[in-house]
Amino acid sequence: MPITLDSTITDLPGVGDSYAQKLEKLGVNTARDLLLYFPRRWEDFSHVTKISDVKAGEQVSVKGVIFDIGTKRSKRGMPVTEAVITDDSGSAKAVWFNQPYLEGSLKKGDEIYLAGKMEWGFGQLNFVSPAYEKAKEAEDELRHTGRIVPIYPETAGVTSKWIRTKVGGLTKLIYNLKDHLPDNVKKRHDLLDLSAAVRTMHFPESIDELKKAQKRFLYDDLFCLLLSVLANKKELEKNKAITIKYNEAVGKKFVDSLPYDLTNAQRKAAWEILKDIARPIPANRLLEGDVGSGKTVVAAMAALMTANAGYQVAILAPTEILARQHYESFKSLLSSFKDIEVVLLTGSMTGKEKEDALLKIKNGDVQIVVGTHAILSENVEFWTLALVIVDEQHRFGVAQRMKLKKANGETDAMPHFLSMSATPIPRTLAITVFGDLTLSVLDEMPPGREKVDTHIVPPAKRTEGYRFIDQRIEEGRQVFVICPLISASDKLGVKSVVEEADNLKKVFSKRKVGLLHGKLKPAEKEKVMNDFKEGKLDILVSTSVIEVGVDVPNASIMVIEGADRFGLASLHQFRGRVGRGKHKSYCFLFTDSKNEKTLERLNALSLLNNGFELAEKDLELRGPGELLGVKQSGKIDSTMMRVLSDPLIIKEVRETAEKFIVKENLDDYPKLKEKVAEFEVAAKLE
Ligand code: ADP
Ligand code: MG
């Protein structure tokens, strides 16, 4: 049977089940997959030189005849194969370790290519473990020597040499690949065709050509990522939304009721949001601002305007603790508006209580519903939901919003969407992965916030650190301690939260230590949180569940155990839990790490207090997936890592994608549509 692109990998000559299993782990199941499995890097052995001209340390290939070959054993018993190769300029010695089978395949008199570096040893230059290729087997084309050689991401048992040989056997098939990129896109950006680019990725003729192929795939991936985002946007904008008119008297009454003046940034963001929800198409806005920048009051203004117009608002938080906290905040912020009712809806509510709440929501007797994301999955029925506010979640997929639209009884309007996030999104990400959202940024803190002193604490300074902390507790302050893992299976040397609490009870024997982690029942969690808020606990040991949102102004110390295990964005969020009251605050990064890179990263935290700068650094060091804490496809991560170094490309490709979305219909391009779907950003829902 002839091999086609769709042939399963075991149809290829020399590929059995055991190889198929290994390849499956690389995502390679068909001939097509193998062709699209690209090298991670390349080594340039294209310089074929005369043996006498080879210089030490130079990366070269030579062509010669085997004058002699033999295998002996080293003192430790390892087989060492040595060969002497000659050409018309001279001879060279090649040495391979632990490859006794070489003697069976390379014979005296064979004409071969060697690729590698020559190094000094025993008073002469030798090729050490060079790649080799018999001249008569490289009939059409050299694969492993005498060229730019592809090095693939390898898995145990599948070597680059093996992949090269198999791909080499399939080169004719490459020309059957159908290109998904529209011609005009390729033309505009001067991109290679898919087949030419694939061919070049595996077997480039020159570095220039290789760069062109890489460019093609970078633009390709970025174009598809942007199309995915823009198609989402277009899809949303087909929907109608309820227009919420701005009511000046209500706005003024609200602002006057606050115990503080809004910052300029808050005013501007509120205005942007209110303008947004006054339009008849669904808003899709992200309100970002550092921890403590005051996002809640801005969101409350939009909620108020919506409720006042007679429609409903849903406010979704990632955890029950936070839902409860938002419930309290919104109730208090809107307390001067007597006819606006706020209700809490959580998973731990009992039957009767919950039924009442659900009925009120359905009948429209309550305007503001605060709950966890579970509201979405539980099919809560609304009377007329006009605005959804989501805390600490970056985006909602079209599917989730359609669900909310369906939850609406009377109207077929889709709710406006406002997301709040403390993760500052660097510009490069904002216009790509988040290109379907409009941004409002709180780039100004309410007055009176002090910088949190941040220090890295190595093991030797731990005792001193504890002493300092104990003094602050003596003065009446409280302490957060964050640990990376819950379980005691501590293979990574990471302190578990339970062990750490026990340990701290000994270290701080006079103090009261509480414990908070995700495996506690909601009622238990709440009790611990309340005890801490009310000052009944001095130290709260917690996993990262408290990462988002909780507000305890008397807590002035944040201790992070195993700090090296967290990204800068998370660490910055933890730190944001303190420095909220009038007390001088501290953040201690406990780490055993001696790794220079790690310490550099942690040090950025003591130097920088600005979430945006930290996010840029994190993006650079760890990639977008880590930064955003969302489960994204590796494709997006890898695409973004590649464009980071050249943000101008983003602008250029974005213009093309925008033009395409306006002028064309993705349905007319099925191949492209398939590719675009791979870039769908998954929203994180528990
Ligand atoms: P975040 O952006 O982290 O959600 P919050 O909305 O919880 O921040 O606000 C943090 C604290 O700042 C709250 O206690 C809030 O009452 C207070 N706050 C908000 N805006 C202002 C302001 N303009 N002036 C003073 N305090 C403010
Ligand atoms: Mg908040």
Side-chain angles (χ1 to χ4, degrees), residues 251 254-273 285-304 315-336 342 368 370-373 388-394 418-425 439-452 478 480 529 533 544-556 558 569-583 585 587 609-612 614-615 629:
F254 177 71
V255 173
D256 289 346
S257 76
L258 297 173
Y260 43 76
D261 288 335
L262 291 177
T263 63
N264 283 331
Q266 283 173 318
R267 249 186 274 267
K268 177 159 177 273
W271 179 238
E272 285 166 349
I273 295 163
R285 186 171 287 273
L286 177 64
L287 172 61
E288 54 171 29
D290 236 334
V291 202
S293 59
K295 296 183 285 291
T296 319
V297 64
V298 175
M301 181 101 126
L304 166 63
I315 297 157
L316 311 183
T319 65
E320 282 217 29
I321 291 180
L322 283 172
R324 222 164 271 271
Q325 192 170 293
H326 276 317
Y327 170 68
E328 300 294 341
S329 306
F330 276 81
K331 244 181 29 182
S332 135
L333 283 166
L334 301 176
S335 58
S336 352
V342 186
I368 298 184
V370 187
T372 57
H373 295 161
V388 177
I389 298 171
V390 187
D391 198 11
E392 294 308 338
Q393 168 142 5
H394 297 93
L418 174 65
S419 170
M420 299 189 278
S421 170
T423 309
I425 298 177
L439 278 184
S440 289
V441 181
L442 298 183
D443 52 6
E444 179 186 6
M445 283 290 191
R449 296 275 159 81
E450 257 198 88
K451 184 170 175 289
V452 178
Q478 288 168 285
F480 286 109
M529 264 327 293
K533 268 191 196 166
S544 46
V545 288
I546 66 150
E547 173 173 358
V548 278
V550 288
D551 201 14
V552 183
N554 189 50
S556 71
M558 169 60 67
S570 299
L571 292 169
H572 182 60
Q573 299 252 341
F574 295 143
R575 178 168 63 179
R577 300 294 110 225
V578 297
R580 311 190 132 215
K582 49 187 182 299
H583 312 290
S585 297
C587 176
N609 225 28
N610 173 314
F612 272 94
L614 283 167

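In listed order, ligands and their atoms are each counted from 1. Basis for what follows: all heavy atoms, side chains included, without hydrogens, waters or symmetry-related copies. A quick note: this is a predicted structure, and the numbers were derived from the prediction, not measured.
Rounding to the nearest 0.5 angstrom, the gap separating the CG atom in L442 from the CG atom in L287 is 5.0 Å. From D391, atom CG reaches atom CG of L322 across 6.5 Å, with rounding to the nearest 0.5 Å.
Within 6.0 Å of NZ on K451 lie more than 12 heavy atoms contributed by other residues, nucleotides or ligands.
Under the salt bridge (charged side-chain N to carboxylate O under 4.0 Å, His left out) criterion, E272 pairs with K268, R285, sequence neighbours left out.
By the 4.5 Å heavy-atom criterion applied to side chains, H583 and N554 are counted as neighbours.
At least one heavy atom of G292 sits closer than 4.0 Å to an atom of ligand 1. Under a 4.0 Å heavy-atom criterion, G289 is not in contact with ligand 1.
Every atom of ligand 1 is numbered from 1 in the order shown, and the set under 4.0 Å from a heavy atom of R580 is 3 (O). Close approach to T263 involves these atoms of ligand 1, each under 4.0 Å from a residue heavy atom: 23 (N). Interface of D261 with ligand 1, defined as ligand atoms under 4.0 Å from a residue heavy atom, comprises 22 (C), 23 (N), 24 (N). Per-residue contacts place T296 under 4.0 angstrom from the following atoms of ligand 1 (heavy atoms of the residue considered): 4 (O), 5 (P), 6 (O), 7 (O).
The stretch residues 287-302 participates, sequence neighbours left out, in these side-chain hydrogen bond (donor to acceptor under 3.5 Å, both in side chains) pairs: D290-H572.
Electrostatic pairing of E320 and R324 counts as a salt bridge here, judged by a charged N lying under 4.0 Å from a carboxylate O.
Residue contacts with ligand 1: P447 is placed with no nitrogen or oxygen under 3.5 Å of a nitrogen or oxygen of the ligand (distance criterion only). Considering backbone and side-chain N/O atoms, G294 comes within less than 3.5 Å of an N/O atom of ligand 1.
Comparing R577, K295, E444 by heavy-atom distance to atom 2 (O) of ligand 1, the nearest is K295.
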